[in-house]
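Written out below as structure tokens is the structure these notes cover.
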Amino acid sequence: MTILQQLETRLAAALADVLGEPARAIVVPAADLRFGDYQSNAAMVLAKQRKTNPRTLAEDVISKIDLAGIATAEIAGPGFINFRVLSDAYAARAMALLNDEKLGVPASGGGRTVVVDFSAPNVAKPMHVGHIRSTIIGDSLARIARFLGYRVITDNHIGDWGTQFGMILHGWKTMRDDEALERDPIAELVRVYRMVNVAAKADPAVLENCKTELVKLQAGDAENLAIWQQCIDVSKRGLEKIYTTLDVTFDHWLGESFFNDMLGPLVDEFLAKGIARESAGAVCVFSDGQGKPEDDPFRVHREEGWTDNPAIIRKADGGFLYATTDLATLQYRIDKWRADEIWYVVGVPQQLHFRQIFAAAERWGKTGNFRHVAFGSILGEDRKLMKTRSGENVGLIEVLDEAVERAAKVIAEKNPDLEGAKEIAEIVGIGAVKFAELSQNRLTDYVFAWDRMLALQGDTAPYLQYSHVRIRSIFRKLDAFFDATAAEIVLNEPEEIHLARLHARFGELLPQVLEDFRPNLLANYLLELARAFHSFFEACPVLKSDEPQRSSRLALCELTGRVLATGLGLLGIKCPVRM
RNA sequence: GCGCCUGUAGCUCAGUUGGAUAGAGCACCCGCCUUCUAAGCGGGCGGUCGCUGGUUCGAAUCCAGCCGGGCGCGCCA
């Protein structure tokens with residue numbers, strides 16, 4: 001049990017004793033260490049409900065509460081109950097964590113199956129920095145869920161069947177440069193795509209041509225299918241390379257094309273069950289009339305008032321759409337994979353779309369915990385959304401390369417003789433990019449800036465990695481094997497106590513990350529831990545101290561290293577041994 | 001027009017869901033390498049939490065109304 005849970009249990013018991021009935025006892029880490037380690041405002045909340053004096057209630061609770069071996073409690077301000085955890089309790093907790101592979105993290109996932117849908121790039125379109133958020137946040141959430149005991153299935157729902165293929169096919173046939181294709185197939189594909197885009201904008205005839213090619217492809221034209229397959233293969237190879245660099249993996253790559261055959265039957269079923277009906281030649285899911293119009297994803301307010309805003313699942317020309325594929329995908333995940341939950345890590349502009357999909361799925365009888373894990377947009381210098389079609393956006397590969405290059409430069413300055421410098425530059429550079437993304441609240445928009453994303457000092461991945469490096473450096477200098485699992489920890493200095501305090505919080509914090517899908521909570525925690533370690537490192541000599549302090553401090557270092565490495569691992573960031 | 005997201009230090013951002021004197025990093029200033037890696041540590045400067053009301057013991061957080069930014073709203077994904 002975590003220290004927080006122990007405090008809550010004992011507080012609840014004392015409250016029940018005083019009030020004569022069970023009551024909720026919420027304990028949180030104290031806002032300020034001067035108030036103690038943990039605090040509860042339960043007395044204020046409950047006194048308000050009962051119209052009694054909060055301080056009196058708090059006093060009664062404190063006189064009854066049994067905190068033996070854990071903490072001391074006192075009342076402050078209008079009725080806060082502040083807990084100061086005994087350093088022996090922290091020491092005991094640290095020793096327990098050293099013998100726990102999960103570092104005190106509970107299995108809150110309970111074996112539930114969750115499908116994490118993230119990254120999902122469009123094939124044959126270049127990945128720019130705007131695509132990084134879904135990939136990095138989704139990967140991290142999948143790792144955390146796995147660690148918390150979920151059965152996790154990651155799925156890269158690539159856009160391999162959209163209307164962009166009309167353009168690609170036309171470009172392939174009319175503008176392809178075979179030599180360039182040989183040299184760098186992805187770049188050539190991207191070049192062709194961009195050129196067609198420009199041409200189609202200028203000339204309606206080109207656009208018409210693209211549409212014809214698309215219709216032929218969807219009708220099963222052999223030549224177009226072959227070209228399509230070739231484009232997919234080339235694109236996938238390019239994507240794999242990026243994912244390898246990012247250390248991101250998927251259990252499945254079920255793109256849009258995979259669900260193609262299921263779309264017709266799906267629409268028929270929707271029609272037969274009355275979930276959808278025809279309107280102006282298209283098949284649409286309309287509002288079921290339940291609930292308030294402002295909460296109804298199938299209704300929208302225009303000048304005239306509230307009007308229908310249906311989800312179209314088949315166009316008047318018989319073609320299928322995004323919504324159709326997403327419904328088929330959802331069905332597959334529920335029926336084939338037995339998913340209890342599906343998390344869609346997709347940008348906030350898609351919010352309405354997912355509200356419609358989830359509502360339609362519910363009417364369809366597909367149940368589960370469906371969550372749109374939305375994130376804010378990455379804006380260009382002009383504060384406008386980055387667009388895929390225009391070529392002026394910063395490419396994802398470009399950013400990653402630059403990150404590694406900058407890291408390499410710092411290594412060359414600080415540690416020119418470093419062995420394996422190239423690999424370490426990669427770990428540090430890529431880590432910096434990932435951390436810049438993950439340490440931020442996922443919902444805020446931000447303007448892309450090189451220096452922000454590639455910073456190597458301050459609140460960054462290298463800061464965390466560096467603390468790990470300092471720890472490993474201590475153990476390298478150690479003459480004999482050190483068994484941390486058997487070590488006796490005794491906490492004296494404030495820096496030692498603070499380290500142990502944070503160790504204890506790891507298991508309390510991690511489940512919270514998934515409550516609202518906020519990896520930045522973990523990122524901020526790790527910064528706090530690293531900060532605590534650097535202070536400890538400066539203030540408390542390890543190897544030069546005498547026993548039993550020496551062993552105790554070594555054990556603290558070992559535990560810190562494990563928590564850091566584990567935490568970084570959950571963010572998808574690696575830990576170098578030297579840097 | 002209506003809906004969603006957002007506005008916090010010069011800059012970039014946190015803020016445990018209503019708690020105590022609002023926190024970090026960058027930048028700037030002052031100190032610290034003969035001691036386990038200075039990508040570090042210690043200290044300083046810096047705030048009308050967009051604005052105005054309201055709810056209450058208590059508001060950056062909840063409610064209402066304005067102002068600014070981003071996005072979405074029938075046959076693209």
Side-chain angles (χ1 to χ4, degrees), chain A residues 28-32 34-35 39 41 44-45 47-48 54 76-80 82 120 122 159 161-164 256 279-284 294 300-317 319 321-323 325-326 347-353 355 374 376-377 379 383-385 388 407 410-411 413-415 428 436 439-441 443-447 449 451-452 455-460 462-463 465-467 469-478 508-509 512 515-516 518 520-521 523-524 527-528 531 534-535 537-539 541-544 557 578-579:
Chain A
V28 297
D32 192 313
R34 277 171 305 183
F35 303 134
Q39 63 182 45
N41 57 18
M44 288 185 286
V45 174
K48 190 175 189 174
F80 291 102
N82 291 335
N122 278 316
W161 196 249
T163 38
Q164 83 265 28
E256 292 169 346
S279 166
V283 177
C284 311
E294 57 267 35
V300 71
H301 196 281
R302 298 227 172 70
E303 289 80 29
E304 326 84 71
W306 291 99
T307 61
D308 284 324
N309 176 46
I312 300 171
I313 57 173
R314 194 172 71 201
K315 296 191 278 184
D317 68 7
L321 294 113
Y322 184 34
T325 315
D326 264 358
V348 80
Q350 314 269 357
Q351 203 223 48
L352 183 62
H353 166 76
R355 285 181 60 212
S377 309
L379 310 176
R383 287 203 62 83
K384 292 285 178 203
L385 201 59
T388 313
V410 174
I411 292 171
E413 281 166 15
K414 292 184 186 293
N415 203 349
V428 171
S439 58
Q440 203 160 135
N441 186 312
L443 282 168
T444 41
D445 295 352
Y446 66 87
V447 176
D451 287 343
R452 194 193 70 86
L456 301 174
Q457 261 151 24
D459 283 353
T460 61
Y463 180 79
Q465 291 165 327
Y466 184 57
S467 50
V469 162
R470 281 180 141 184
I471 292 167
R472 293 331 308 168
S473 179
I474 291 173
F475 283 99
R476 253 199 313 279
K477 300 243 157 90
L478 202 56
E508 299 170 0
L509 168 118
Q512 218 184 326
E515 270 170 31
D516 204 23
R518 287 165 49 177
N520 68 310
L521 293 180
N524 292 338
L527 284 171
E528 213 179 330
R531 218 169 277 136
H534 285 304
S535 298
F537 186 89
E538 305 275 343
V542 177
L543 297 175
K544 294 205 163 105
C557 288
R578 302 165 206 255
M579 66 190 274

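Protein chains get the first letters and strands the later ones, always in sequence-line order, with residue 1 at the start of each. Just so it is clear, the structure is predicted and the values come from calculations on it, not from any experiment.
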Task: Centroid distance under 5.5 Å and plane angle under 30°, A/Phe35 vs B/A20 - done: yes
Task: Interatomic distance, A/Asn122 atom CG to A/Thr163 atom OG1 [nearest 0.5 angstrom] - done: 9.0 Å
Open item on the list: Closest approach to the side chain of A/Ile411, judged atom by atom: which nucleotide of B/C41, B/A39, B/G15 is it?
Closed with: B/A39
Task: Nearest listed nucleotide, side chain of A/Asn41, among B/G40, B/G15, B/G19 - done: B/G19
Task: Under-4.0 Å side-chain N/O to phosphate OP1/OP2 contact, A/Arg531 with B/A39 - done: no
Task: Whole-angstrom distance between B/A24 and B/G46, as gauged at atom P - done: 15 Å
TODO: Taking only the side-chain heavy atoms of A/Lys48 (C-beta and beyond), determine which of B/C75, B/U56, B/G72 contains the nearest atom.
DONE: B/U56
Task: Heavy atoms from other residues, nucleotides or ligands near CZ of A/Arg452 exceed 12 (cutoff 6.0 Å) - done: yes
Task: Residue A/Asn524, side-chain heavy atoms: nucleotide from B/A14, B/C75, B/A38 that is nearest - done: B/A14
Open item on the list: Measuring to OP1 and OP2 of B/G69, would you say a side-chain N or O of A/Tyr446 lies under 4.0 angstrom away?
Closed with: no
Task: Among B/G40, B/C75, B/C5, the one nearest A/Lys315 by side-chain distance - done: B/C75
Open item on the list: Once you measure the plane-to-plane angle for A/His353 and A/Tyr322, does it fall in the parallel (<30°), tilted (30-60°) or perpendicular (>60°) bin?
Closed with: parallel
Open item on the list: Check for me: is A/Phe80 stacked on B/G19 by the 5.5 Å centroid and 30° plane-angle rule?
Closed with: no
